[in-house]
2 protein chains.
Amino acid sequence: MIKPARRNWQDVMSEVEQRIYSRQWRPGELIPNEADLAIEFGCARVTMNRALRALAETGLLDRRRKVGTRVTLNPITKATLQIPVIRSEIEARNHLYGYYLLDEKIEKAPHFISKLFNVSVGTQLLHVISLHCADGSPYVIEDRWINLIALPHLSDVSFAALSANEWLLQNTPFTHGDISFGATNASAEEASILKTKAGAALFTIERTTRNRIADSKPKDKALTNVRLLFRPGYQVHTNL
Amino acid sequence: MIKPARRNWQDVMSEVEQRIYSRQWRPGELIPNEADLAIEFGCARVTMNRALRALAETGLLDRRRKVGTRVTLNPITKATLQIPVIRSEIEARNHLYGYYLLDEKIEKAPHFISKLFNVSVGTQLLHVISLHCADGSPYVIEDRWINLIALPHLSDVSFAALSANEWLLQNTPFTHGDISFGATNASAEEASILKTKAGAALFTIERTTRNRIADSKPKDKALTNVRLLFRPGYQVHTNL
DNA sequence: TAGTGGTCTAGACCACAGA
DNA sequence: CTGTGGTCTAGACCACTAA
């Protein structure tokens with residue numbers, strides 16, 4: 001069987017995908033090395049490399065030096081998902097976005113936050129609680145702690161009319177962070193804010209952003225931690 | 001200021017990141033084109049391209065032909081997360097994995113499943129409910145529908161001792177699918193299986209996998225749909 | 001040690017999208 | 001039309017790692 005010469009790395013990638021999906025190359029199996037495949041496909045080795053690398057990034061192939069390239073056994077291991085930027089998400093659905101500041105004060109860090117921010121327990125931090133609405137209905141509660149030591153100029157900013165979410169996104173450079181997704185039962189207070197029943201299951205996102213570069217100090221500084229409590233029924237969706 | 005010649009694309013990428021984090025290149029700003037940067041960094045244009053492309057993939061840069069490369073305004077928009085493969089996840093924590101089949105029968109598809117699978121309403125489908133445990137404690141309920149028309153050989157397989165999750169992962173090629181994350185209150189029955197209270201907030205993952213290539217028919221066929229109900233307190237975590 | 005993937009280079013041409 | 005990123009090529013060398 002003569003293979004027509006492939007033009008670009010995406011065509012090459014598709015052909016490789018075909019071979020995997022058609023089980024010509026089975027899960028766990030070792031496929032030929034780059035050089036041989038490049039000859040077979042009639043392209044440069046770099047092009048072959050690009051195609052195989054892309055498939056490895058999506059998790060379909062598993063590549064190791066000296067060993068070779070294998071078809072992954074369990075391909076469903078990664079998904080890239082959009083992290084909701086609240087205002088955009090609401091406006092993308094053609095709903096009217098609304099923002100309400102519920103509470104804003106400087107207070108002592110609770111234990112878990114001081115550990116997260118790597119500050120001593122009594123430190124004064126900015127605590128902002130707000131509500132985002134879609135067409136007037138409660139959409140998500142934002143419960144945010146801000147590290148005033150790392151972001152001192154923030155004590156002058158008021159979040160009465162402006163979401164802390166947006167302000168920080170556009171004004172605070174960060175280098176890395178972490179994010180968790182979970183579920184929690186609404187407290188009586190949270191339920192009343194979201195206009196639902198106490199105990200309702202809420203989807204939650206908790207995110208901490210840090211900045212490794214701006215500080216010359218060796219330790220990481222957390223800039224801000226935010227906990228988002230979404231209204232009942234909220235889902236995050238993505239394709240594989 | 002003389003820049004030392006950079007060795008590889010990752011070094012180049014780091015330097016570009018530095019310029020962004022240090023605000024030498026600000027959000028929304030246009031940076032020099034590839035060719036000029038390659039000269040400045042003392043590397044080939046391809047190498048520069050690789051570095052900038054990688055940053056564009058993580059969402060830090062926004063590149064358009066003819067227009068140029070901009071620093072993204074809202075960089076927190078994407079996260080790649082590991083989709084839990086239940087057995088591996090449990091064993092990775094050094095817990096003993098346990099699997100229990102709760103129910104397995106062929107029955108008529110409910111409305112939402114028949115729509116999802118694109119089959120008529122009365123179609124007989126395989127419905128498997130099982131429980132995965134960690135060190136003997138309930139971990140997650142798996143509620144799965146399997147399309148017997150797309151996977152006819154499956155009627156011979158029994159999932160009494162073998163998780164449908166694993167069997168399908170290793171034996172069913174699929175080309176794409178979709179996945180949702182959400183939260184739901186445990187029903188009385190679910191709560192008793194998970195040994196928790198009715199109404200507890202459970203983190204849920206719902207996944208449908210499809211196969212576009214195996215069929216010559218134009219329509220997609222969903223192969224299987226699975227709903228995972230995790231024990232209270234479960235979280236998915238990833239870094240940014 | 002040897003085989004594999006990972007990467008670099010220089011130069012060329014292509015594809016897209018403003019002007 | 002022109003300027004930008006996108007890609008291809010051939011050949012070379014490097015880096016990791018199983019044997």
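A note on names: the letters A, B, ... follow the listed sequences, proteins ahead of strands, and every chain is numbered from 1. These figures come from a predicted structure and were not determined experimentally.
- For Asp178(B), the side chain to side chain contact (heavy atoms under 4.5 Å, CB included) partners two or more places apart in sequence, or in a different chain, are His237(A), Asn239(A), Thr208(B), Arg210(B).
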Please tabulate, for side-chain N and O atoms in residues 159-167 of chain B, each donor-acceptor pair with protein atoms closer than 3.5 Å (sequence neighbours left out).
residue: Ser163(B); atom: OG; partner: Asn165(B); partner atom: N; Å: 3.0
residue: Ser163(B); atom: OG; partner: Glu166(B); partner atom: N; Å: 3.2
residue: Glu166(B); atom: OE2; partner: Arg87(B); partner atom: NH1; Å: 2.9

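- Side-chain N/O atoms of Gln10(B) include none lying less than 4.0 angstrom from OP1 or OP2 on dG6(C).
- Remark: Ser137(B) engages Arg231(B) in a side chain to side chain contact (heavy atoms under 4.5 Å, CB included) (not counting sequence neighbours).
- With no hydrogens or angles considered, a side-chain donor-acceptor pair links Thr80(A) and Thr80(B) at under 3.5 Å.
- Among the nucleotides dC8(C), dG5(D), dT7(D), the one closest to the side chain of Asn33(B) is dG5(D).
- Atoms CG (Leu30(A)) and P (dA18(D)) sit 13 Å apart, rounded to a whole Å.
- What separates CE of Met13(B) from P of dC8(C) is a distance of 11 Å, to the nearest Å.
- Look at CD1 on Ile39(A): it is 12 Å from P on dT4(C), rounded to the nearest Å.
- Atoms CG (Asp36(B)) and P (dG3(D)) sit 12 Å apart, rounded to a whole Å.
- What separates CG of Asp11(A) from P of dT7(D) is a distance of 12 Å, to the nearest Å.
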Can you give me the N/O atom pairs linking the protein to nucleotides 10-12 of chain D at distances under 3.5 Å, or say none if there are none?
residue: dA12(D); atom: N6; partner: Arg45(A); partner atom: NH2; Å: 3.3

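- Checked against side chain to side chain contact (heavy atoms under 4.5 Å, CB included), Arg65(B) has no partners two or more places apart in sequence or in another chain.
- Applying the ring pair (Phe, Tyr, Trp, His ring centres under 6.0 Å) test to Phe230(B) and every residue at least two apart in sequence or in another chain returns Tyr234(B).
- Phosphate contact (OP1/OP2 of dT7(D), side-chain N/O of Arg50(A), threshold under 4.0 Å): present.
- With Ser130(B) contributing its side chain and Tyr100(B) its backbone, the two residues share no donor-acceptor pair below 3.5 Å.
- Atom pair Arg53(A):CZ and dT7(D):P shows a separation of 11 Å (rounding to whole Å applied).
- Distances shown here put a side-chain N or O of Asn49(A) below 4.0 Å from the OP1 or OP2 atom of dG6(C).
- The CD1 atom of Ile31(A) sits 12 Å away from the P atom of dT4(C) (whole-angstrom rounding).
- OP1 or OP2 of dG6(D) sits under 4.0 Å from a side-chain N or O of Arg63(B).
- Residues satisfying the side chain to side chain contact (heavy atoms under 4.5 Å, CB included) test with Ala44(A), not counting sequence neighbours, are Thr47(A).
- The salt bridge (Lys or Arg N to Asp or Glu O under 4.0 Å) analysis of residues 54-63 of chain A, with sequence neighbours excluded, yields the pairs Glu34(A)-Arg63(A).
- Contact annotation: Thr69(B) does not reach the phosphate of dT4(D) (side-chain N/O to OP1 or OP2, under 4.0 Å).
- Within the 4.0 Å cut-off from OP1 or OP2 of dT9(D), at least one side-chain nitrogen or oxygen of Thr47(A) is found.
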Provide a list of protein-nucleic acid N or O atom pairs under 3.5 angstrom, restricted to nucleotides 15-19 of chain C.
residue: dC16(C); atom: O4'; partner: Arg65(B); partner atom: NH1; Å: 3.3
residue: dG18(C); atom: OP1; partner: Arg64(B); partner atom: NH2; Å: 3.1

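- Formation of a donor-acceptor pair under 3.5 Å by the Glu89(B) side chain with backbone atoms of Ile86(B) is not found in this model.
- In this entry the distance linking CZ of Phe41(A) with C1' of dT9(D) reads 18 Å, nearest Å.
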